[in-house]
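Notes follow once the structure below has been shown.
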Amino acid sequence: MGLLNFTREPVPEAVSADMHNLNQLSAQQFSALTELLFRFLTEPKEVERFLTQLSDFATMNKISLGPLKNIVKSILLVPNGALKRNLSPEQVRADFIALGLSEEKASYFAEQWKVNSPTLTRLAVGQTLMINQLIDMEWKFGVTAGSSELEKVGSIFLQLKLVVKKGSQLENVYVELTLPQFYSFLHEMERVKTSLESFS
């Protein structure tokens, strides 16, 4: 197997067997499974619904659920890696063919990738930007009046209390900075502000 676009790591041995099993599906079964996968990728919180739909798909097509789950895990390696590396539909198609999927099925998946990748990219960016949202910040300067280390006496420090939103919970994060650290932090924040303004 040559170099793959979606990963630089070696893929598990089971992937080629899963692709072989995937080739056994009819075009109609493959398109139904692909539709299920993209619905899951665009609504990743709906795990229960996805598993129910996968179970229904297995029953309807007389496929064992265990091997079907393995096939799904192998398929999902490609779009997850493709999202991280911003791959084109042609690169996704080439990766599936390199993994052993038939050209017809790889082309179909690549077409679906072309249709769905803008939505998936937007979702990924939204999740990345919303991981730790800064809600509030309190700060105070202080001067070290006494310390066991003589050179620290009289040094200025800054205490920050950041209120960060992690998911649906608020969390207090406390940070203490020396004056040089504070100026470095301030410089970085000004760079971030400038970068954000250039995008808007």
* Asked: Is there a side-chain contact (heavy atoms from CB on, under 4.5 Å) between Glu171 and Lys165 once you walk through the steps?
  -> CA-CA 6 Å; Glu171 186 178 309; Lys165 186 175 183 179; over 6 Å; no

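- Rounded to the nearest 0.5 Å, atoms NZ (Lys114) and CD (Glu111) are 5.5 Å apart.
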* **Intermediate values then yes/no, side-chain contact (heavy atoms from CB on, under 4.5 Å), Val143 and Phe157** => CA-CA 6 Å; Val143 177; Phe157 63 88; 5.6 Å; no

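- When side chains are defined from C-beta on, Gln181 does not count as touching Ser184, because their heavy atoms never get closer than 4.5 Å.
- Asp95 is listed as a side-chain neighbour of Leu87, based on a closest heavy-atom distance under 4.5 Å.
- Separation of the Phe141 and Phe182 ring centroids falls under the 6.0 Å cut-off.
- Atoms CG and CD1, on Asn70 and Ile75 in that order, are 11.0 Å from each other to the nearest 0.5 Å.
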* Please assess Phe96 against Met19 for the test side-chain contact (heavy atoms from CB on, under 4.5 Å), listing each intermediate value before the final yes or no. => CA-CA 8 Å; Phe96 270 118; Met19 292 299 152; 3.8 Å; yes

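- Hydrophobic clustering places Ile156 together with Leu160 (ILVMFWY residues linked when any side-chain heavy atoms are closer than 4.5 Å, directly or through intermediates).
- For Phe109 and Phe38, the distance between ring centers is under 6.0 angstrom.
- A heavy-atom distance below 4.5 Å is found between the side chains of Leu25 and Ile63.
- Leu158 is not listed as a side-chain neighbour of Thr178, based on a closest heavy-atom distance of 4.5 Å or more.
- For the side-chain hydrogen bond (donor to acceptor under 3.5 Å, both in side chains) test, no residue two or more places apart in sequence or in another chain qualifies with Arg85.
- A heavy-atom distance below 4.5 Å is not found between the side chains of Arg39 and Glu46.
- Side-chain atoms of Leu54 and Leu33, non-hydrogen and from C-beta on, do get closer than 4.5 Å to each other.
- Closest heavy-atom contact between Pro12 and Leu77: CD-CD1, 4.3 Å.
- Within 6.0 Å of atom CD in Gln28, 12 or fewer heavy atoms from other residues, nucleotides or ligands are found, so the atom counts as exposed in its surroundings.
- In Gln159, the CD atom is crowded: over 12 heavy atoms of neighbouring residues, nucleotides or ligands sit closer than 6.0 Å.
- Side-chain contact between Leu4 and Val11 is present, with heavy atoms from C-beta onward closer than 4.5 Å.
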* Kindly determine whether Glu188 and Arg191 satisfy salt bridge (Lys or Arg N to Asp or Glu O under 4.0 Å), including the steps that lead there. => CA-CA 5 Å; Glu188 288 300 314; Arg191 279 183 50 207; 3.1 Å; yes

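- Proximity of Ile135 to Leu162: side-chain heavy atoms (C-beta onward) are nowhere separated by under 4.5 Å.
- Note that the OG atom of Ser31 and the NZ atom of Lys105 stand 10.0 Å from one another [nearest 0.5 Å].
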